[in-house]
Student: 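Structure provided below as structure tokens; questions to follow.
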Amino acid sequence: QVQLVESGGGLVQAGDSLRLSCAASGSAFSSYAMGWFRRTPGKEREIVAVVTGNGGRTYYADPVKGRFTISRDNAKNTVYLQMSSLKPEDTAVYYCARSSYSGIYSRSSAYDYWGRGTQVTISS
């Protein structure tokens, strides 16, 4: 059984930075891509970023390109999301998820384990 626990959310001002972490239990962490998603009230859950199992490739949704960086430390079974130049529209609950695959997939159906989420609130 895989468990994912996010941390690092909070309330910050527009223009600030924040780093989210997601600690994973279970084995073979490096065999699977990891993704960050977010959801705001009244909207569908959307992809934010994905990193392949070995960390060699990444994907970013257009709204966060150039501002967010996804990375992973396979020795620590942890994936990170460094968020910079934050905007009020980045306010959401952020979820990390483990993909069923090692490569890049942006659809949520490709992810089989999910964390409970961490709230990120950006004030203007």
Side-chain angles (χ1 to χ4, degrees):
Q1 184 71 11
V2 175
Q3 290 187 321
L4 304 175
V5 180
E6 302 97 337
S7 62
L11 170 64
V12 297
Q13 293 185 330
D16 285 350
S17 299
L18 207 58
R19 188 175 84 156
L20 305 182
S21 300
C22 173
S25 66
S27 59
F29 178 73
S30 62
S31 298
Y32 303 95
M34 295 292 295
W36 285 97
F37 292 76
R38 65 187 183 186
R39 176 182 280 162
T40 56
K43 294 182 67 176
E44 295 287 326
R45 181 170 53 194
E46 62 177 2
I47 185 70
V48 175
V50 183
V51 60
T52 54
N54 64 6
R57 291 177 56 220
T58 56
Y59 164 88
Y60 297 95
D62 285 343
V64 307
K65 279 182 182 176
R67 300 188 299 121
F68 290 13
T69 302
I70 188 171
S71 62
R72 65 192 296 161
D73 185 339
N74 287 340
K76 296 181 178 180
N77 278 21
T78 302
V79 62
Y80 304 97
L81 185 68
Q82 178 68 47
M83 305 184 293
S84 302
S85 302
L86 284 161
K87 305 175 181 180
E89 50 264 43
D90 294 318
T91 295
V93 178
Y94 283 72
Y95 301 88
C96 77
R98 196 200 79 168
S99 176
S100 303
Y101 310 97
S102 61
I104 299 288
Y105 289 88
S106 60
R107 66 182 191 276
S108 60
S109 60
Y111 295 78
D112 51 5
Y113 292 98
W114 294 81
R116 299 184 67 176
T118 184
Q119 176 70 47
V120 172
T121 304
I122 314 302
S123 65
S124 58

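The chain is numbered in sequence order, starting from 1. What you see below is based on every heavy atom in this structure, not just the backbone, and it leaves out hydrogens, waters and symmetry mates.
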Student: For Gly9, is there any backbone N or O sitting under 3.5 Å from a side-chain donor or acceptor partner on Thr118?
Tutor: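 Yes: the side chain of Thr118 pairs with the backbone of Gly9.
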Student: Is there a side-chain contact between Trp114 and Arg45 in this structure, where contact means two heavy atoms from C-beta onward sitting under 4.5 Å apart?
Tutor: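 Yes. Closest side-chain heavy atoms under 4.5 Å.
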Student: Could you tell me which non-hydrogen atom of Thr40 sits nearest to which non-hydrogen atom of Ala92, and how far apart they are?
Tutor: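 Taking every non-hydrogen atom into account, CG2-CB, 3.4 Å.
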Student: With sequence neighbours left out, which residue pairs that include part of residues 57-95 fulfil the disulfide bond (SG atoms under 2.5 Å apart) condition?
Tutor: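 The answer is none; no pair qualifies.
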Student: Quick one: which residue pairs count as a disulfide bond (SG atoms under 2.5 Å apart) with a foot in residues 20-122, not counting sequence neighbours?
Tutor: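 Listed once each, the pairs are Cys22-Cys96.
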Student: Same cluster for Ile104 and Tyr60 if Ile/Leu/Val/Met/Phe/Trp/Tyr side chains link at under 4.5 Å?
Tutor: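 In one cluster with Ile104: Tyr60, no.
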Student: Can you get from Val79 to Val2 by hopping between Ile, Leu, Val, Met, Phe, Trp and Tyr side chains that sit under 4.5 Å apart?
Tutor: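 The answer is yes; both residues are in one hydrophobic cluster.
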Student: Using 0.5 Å steps for rounding, measure from the CG atom of Asn77 to the CD atom of Gln3.
Tutor: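 One gets 12.5 Å once the value is rounded to the nearest 0.5 Å.
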Student: Only counting residues at least two apart or in another chain, list the ones meeting ring pair (Phe, Tyr, Trp, His ring centres under 6.0 Å) with Tyr105.
Tutor: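 Scan of Tyr105 (ring pair (Phe, Tyr, Trp, His ring centres under 6.0 Å), adjacent residues dropped) gives Tyr101.
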Student: If hydrophobic clusters are built by linking Ile, Leu, Val, Met, Phe, Trp and Tyr wherever their side-chain heavy atoms come under 4.5 Å apart, do Leu81 and Val12 end up in the same one?
Tutor: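 Same cluster: Leu81 reaches Val12 through Ile, Leu, Val, Met, Phe, Trp or Tyr contacts under 4.5 Å.
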Student: So Val51 and Tyr80, do their side chains get closer than 4.5 Å, heavy atoms only?
Tutor: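 Side-chain contact under 4.5 Å: no.
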Student: Got a sec, which residues hit side chain to side chain donor-acceptor pair (under 3.5 Å) with Tyr95, two or more places apart in sequence or on another chain?
Tutor: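 Testing Tyr95 for side chain to side chain donor-acceptor pair (under 3.5 Å), a comparison that skips the adjacent residues, returns none.
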Student: Donor-acceptor pairs under 3.5 Å, side chain of residues 64-75 to any protein atom, not counting sequence neighbours: which ones?
Tutor:
residue : atom : partner : partner atom : Å
Lys65   : NZ   : Asp62   : OD1          : 3.0
Arg67   : NH1  : Ser85   : O            : 3.0
Arg67   : NH1  : Asp90   : OD2          : 2.7
Arg67   : NH2  : Pro63   : O            : 2.8
Arg67   : NH2  : Asp90   : OD1          : 2.9
Arg67   : NH2  : Asp90   : OD2          : 3.3
Arg72   : NE   : Gly53   : O            : 3.4
Arg72   : NE   : Asn74   : OD1          : 2.7
Arg72   : NH1  : Tyr32   : O            : 2.8
Arg72   : NH1  : Thr52   : O            : 2.9
Arg72   : NH2  : Phe29   : O            : 2.8
Arg72   : NH2  : Tyr32   : O            : 3.1
Arg72   : NH2  : Asn74   : OD1          : 3.4
Asp73   : OD1  : Ala75   : N            : 3.1
Asp73   : OD1  : Lys76   : N            : 3.4
Asn74   : ND2  : Gly53   : O            : 3.0

Student: I need the minimum non-hydrogen distance between Ala14 and Ser124, along with the two atoms involved.
Tutor: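 Looks like CB-CA, 4.4 Å.
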Student: Take Val120 and Thr91, measure what side chain to side chain contact (heavy atoms under 4.5 Å, CB included) needs, and give me the verdict at the end.
Tutor: CA-CA 5 Å; Val120 172; Thr91 295; 6.0 Å; no
Student: Is atom CD of Gln119 surrounded by more than 12 heavy atoms (other residues, nucleotides or ligands) closer than 6.0 Å?
Tutor: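 Count over threshold, so yes.
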Student: Is there a path of hydrophobic side-chain contacts, each under 4.5 Å between heavy atoms of I, L, V, M, F, W or Y residues, that connects Val93 with Trp36?
Tutor: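 No, Val93 and Trp36 fall in different hydrophobic clusters.
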Student: Apply the test side chain to side chain contact (heavy atoms under 4.5 Å, CB included) to residues Leu20 and Met83: give CA-CA distance (whole Å), side-chain angles for both, the deciding distance (0.1 Å), then the verdict.
Tutor: CA-CA 8 Å; Leu20 305 182; Met83 305 184 293; 3.7 Å; yes
Student: How would you list, by chain and number, every residue that makes a side chain to side chain donor-acceptor pair (under 3.5 Å) with Glu46, sequence neighbours excluded?
Tutor: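 Only Arg38 meet the side chain to side chain donor-acceptor pair (under 3.5 Å) criterion with Glu46.
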Student: How about Ser84 and Ser17: do any of their side-chain heavy atoms sit closer than 4.5 Å?
Tutor: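 With C-beta onward as the side chain, the pair touches.
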Student: Restricting to non-hydrogen atoms, name the atom on Ile47 and the atom on Ser106 that form the minimum distance, rounded to 0.1 Å.
Tutor: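 Between these two residues, the closest heavy atoms are CB-O, 3.6 Å.
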Student: For residues Gly10 and Leu18, report the shortest heavy-atom separation together with the two atoms involved.
Tutor: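 That would be N-CD2, 4.0 Å.
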